[in-house]
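In listed order, ligands and their atoms are each counted from 1. Count residues from 1 along the sequence.
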Amino acid sequence: MSLRTVVEGVSHYVPERRVTNADLTTMMDTSEQWILDRTGIEERRFVDQPTPTSHLALESARRVLEKTKTSTEDVDFLLAATLSPDFYFPGIGPMIQSGLGLKTIPALDIRVQCSGLVYGLSAADAFIRSGQSKCLLLVCAEVQSPVLDFSTRGRDTAVLFGDGAGALLLRAEETDDSTDLLARRGIIDSYLGSDGQGAEVLCVRTPGTSTTGFITQEDFDERRWRPHMDGRQVFKNAVIRMCEAATEILQRNSLTPDDIALIVPHQANLRINEAVRERLGFREEQVFNNIQKYGNTTSATIPIALSEAEEEGRLKRGDLLLTLAFGAGFTWGANLVVW
Ligand code: UT7
């Protein structure tokens, strides 16, 4: 017998306020067609300010606890992924712990940007299989709209991102090792990578310790507290690394693209996901995308997509799921899960 990490449930929460591409054309020099053609995004959700990230995190967490009928008493470990915490420090993990009224359990923030879910599932699996947790809550949440630049100068990033959150409840389950791996529910494998050579290709530079005095007037005036991105570089690396992650995890588990029921990739750009799908030889119906409705919600894209895929009947118990992500850092990875 050995321990296995089973995904008991997933839920999501997005703010009510819809912001369409047409809305953005009133703020900057862009067009509905440009945004749709280059990214696939039709609209995104923004919070009414000020709404802290922990608020969205708590909403999604409450939903998954309710859905899985899990008592707050049962949760014994919390992982929280975000690039947009309420404060510079502490992270949102302890805020979620107290907001939900959980016991004084470990709360760990994960900072790997768009790869938050894949790193989070891998870490959850390690904590559970090593016996440190039996019931783990993984929350991915972002409030990005306040830092975006809605003038024409910031149009290359402002049209891409949205606010949202998703949460997963993971449980330890004892399994008989003689049973076929794919016949048992749970996380089968994770593949993770990073390359800090890409750190400044997509980043928010200040406030930070690389600047004298944490943030200077010049940093502020030059908008170095807004996201900076070389989009083409990120695009190119995303396709390469997501393909690498998928190929590696399939090969080392002796699987082919046909074995996968559903791929839920990070939602940064429909063209990235289409390029990855084509290169790997997956059929269109094997890939779930919902970037059209939410834009890029960074760590929350995959949990939101998992939750919607399940609601729409595209992801069912026993299905073999492949997640794929790439994000700032650079960081990337994949998980293979029997849902
Ligand atoms: O989650 C991980 C993080 N992010 C990503 O994965 C994003 C990866 N990158 C991308 O998705 C794409 O590179 C973008 C969507 C950001 C840009 O698409 P692109 O096809 O790579 O366009 P580009 O950067 O090559 O820019 C094409 C043109 C430029 O004009 P010129 O220099 O050709 O005259 C831009 O100034 O489009 C212009 N442009 C815009 N035009 C209208 C950039 N943003 C906009 C805009 N509206 N919002």
Side-chain angles (χ1 to χ4, degrees), residues 19-44 81-84 110-120 140-145 147-164 166 193-196 198-204 223 226-245 264-277 289-292 294-305 323-334:
V19 178
T20 64
N21 293 345
D23 293 332
L24 295 179
T25 63
T26 65
M27 305 175 202
M28 63 184 83
D29 178 14
T30 189
S31 70
E32 292 179 62
Q33 207 58 45
W34 191 96
I35 303 171
L36 188 64
D37 291 349
R38 299 289 176 123
T39 70
I41 300 166
E42 295 168 25
E43 59 180 38
R44 70 287 290 141
T82 189
L83 66 57
S84 50
I110 301 176
R111 288 200 58 174
V112 285
Q113 299 62 248
C114 302
S115 306
L117 182 279
V118 290
Y119 269 70
C140 303
E142 307 288 356
V143 170
Q144 311 187 96
S145 51
V147 83
L148 300 174
D149 177 359
F150 293 102
S151 73
T152 298
R153 188 171 163 178
R155 67 182 182 173
D156 62 327
T157 48
V159 303
L160 305 176
F161 296 98
D163 303 332
S194 76
D195 180 6
E200 295 195 38
V201 178
L202 172 53
C203 61
V204 171
R223 302 171 186 223
R226 305 271 199 200
H228 155 83
M229 177 173 74
D230 177 340
R232 285 185 198 178
Q233 273 267 77
V234 178
F235 192 112
K236 205 173 72 186
N237 280 278
V239 174
I240 293 169
R241 295 304 190 181
M242 283 164 80
C243 285
E244 174 192 304
V264 176
H266 170 51
Q267 305 289 304
N269 189 317
L270 215 47
R271 290 189 295 135
I272 292 178
N273 292 353
E274 189 52 19
V276 171
R277 184 191 71 74
N289 288 307
N290 62 359
I291 189 173
Q292 299 88 335
Y294 305 118
N296 182 350
T297 56
T298 300
S299 68
T301 64
I302 299 178
I304 295 172
T323 62
L324 286 177
F326 179 85
F330 296 138
T331 57
W332 61 88

Starting from [atom], locate the nearest protein heavy atom and write down its residue, its atom name and how far away it is, to 0.1 Å.
atom                    : result
atom 2 (C) of ligand 1  : C114 SG, 3.7 Å
atom 9 (N) of ligand 1  : G231 O, 3.0 Å
atom 39 (N) of ligand 1 : W34 CZ2, 3.4 Å
atom 5 (C) of ligand 1  : V234 CG1, 3.5 Å
atom 47 (N) of ligand 1 : T30 OG1, 2.6 Å
atom 16 (C) of ligand 1 : M229 CE, 3.7 Å

On a heavy-atom basis, I'd like to know which of E32, Q33, R38, Q267 is closest to atom 22 (O) of ligand 1.
R38
Who's closest to atom 1 (O) of ligand 1 heavy-atom-wise, of R271, Q113, H266, Q233?
H266
Has the side chain of Q144 got a donor or acceptor atom that lies under 3.5 Å from a matching backbone atom of N296?
yes
Is [X] touching ligand 1 with its side chain, its backbone, both, or neither, if touching means heavy atoms under 4.0 Å apart?
X    : result
M28  : neither
N269 : side chain
N296 : side chain

For the residue pair T39 and L160, establish whether any side-chain heavy-atom pair is separated by less than 4.5 Å.
yes
Close side-chain approach of R241 to D195, heavy-atom, < 4.5 Å:
yes
Contacting atoms of ligand 1, where contact means under 4.0 angstrom from a heavy atom of [X]:
X    : answer
V159 : 48 (N)
R232 : 13 (O), 21 (O), 23 (P), 25 (O)
T39  : 15 (C)
L202 : 3 (C)

Going through the distances and angles, do E142 and S299 end up as a side chain to side chain donor-acceptor pair (under 3.5 Å)?
CA-CA 7 Å; E142 307 288 356; S299 68; 2.7 Å; yes
Closest non-hydrogen atom pair, [X] against [Y]:
X    : Y    : result
I304 : T297 : CD1-OG1, 3.7 Å
A300 : C140 : CB-O, 3.7 Å
A305 : V264 : CB-CG1, 3.5 Å

Rounded to the nearest 0.5 Å, what separates atom CG in L83 from atom CZ in F161?
8.0 Å
OG1 of T323 to CE of M242: how many Å apart, nearest 0.5 Å?
9.5 Å
Nearest protein heavy atom to [atom]: under 4.0 Å?
atom                    : result
atom 34 (O) of ligand 1 : no
atom 19 (P) of ligand 1 : yes
atom 31 (P) of ligand 1 : no

Taking only Lys NZ, Arg NE, NH1 and NH2, and the carboxylate oxygens of Asp or Glu, determine whether E274 and R271 approach each other closer than 4.0 Å.
no
Checking D23, N21, T20, D163 against R44 for side-chain hydrogen bond (donor to acceptor under 3.5 Å, both in side chains), the one that qualifies is N21
Of all the heavy atoms in I272, does at least one lie under 4.0 Å from an atom in ligand 1?
yes
Using a plain distance cutoff, I'd like to know if R155 has any nitrogen or oxygen under 3.5 Å from a nitrogen or oxygen of ligand 1.
yes
Taking CZ in R111 as the centre, count heavy atoms belonging to other residues, nucleotides or ligands within less than 6.0 Å. Is the count above 12?
no
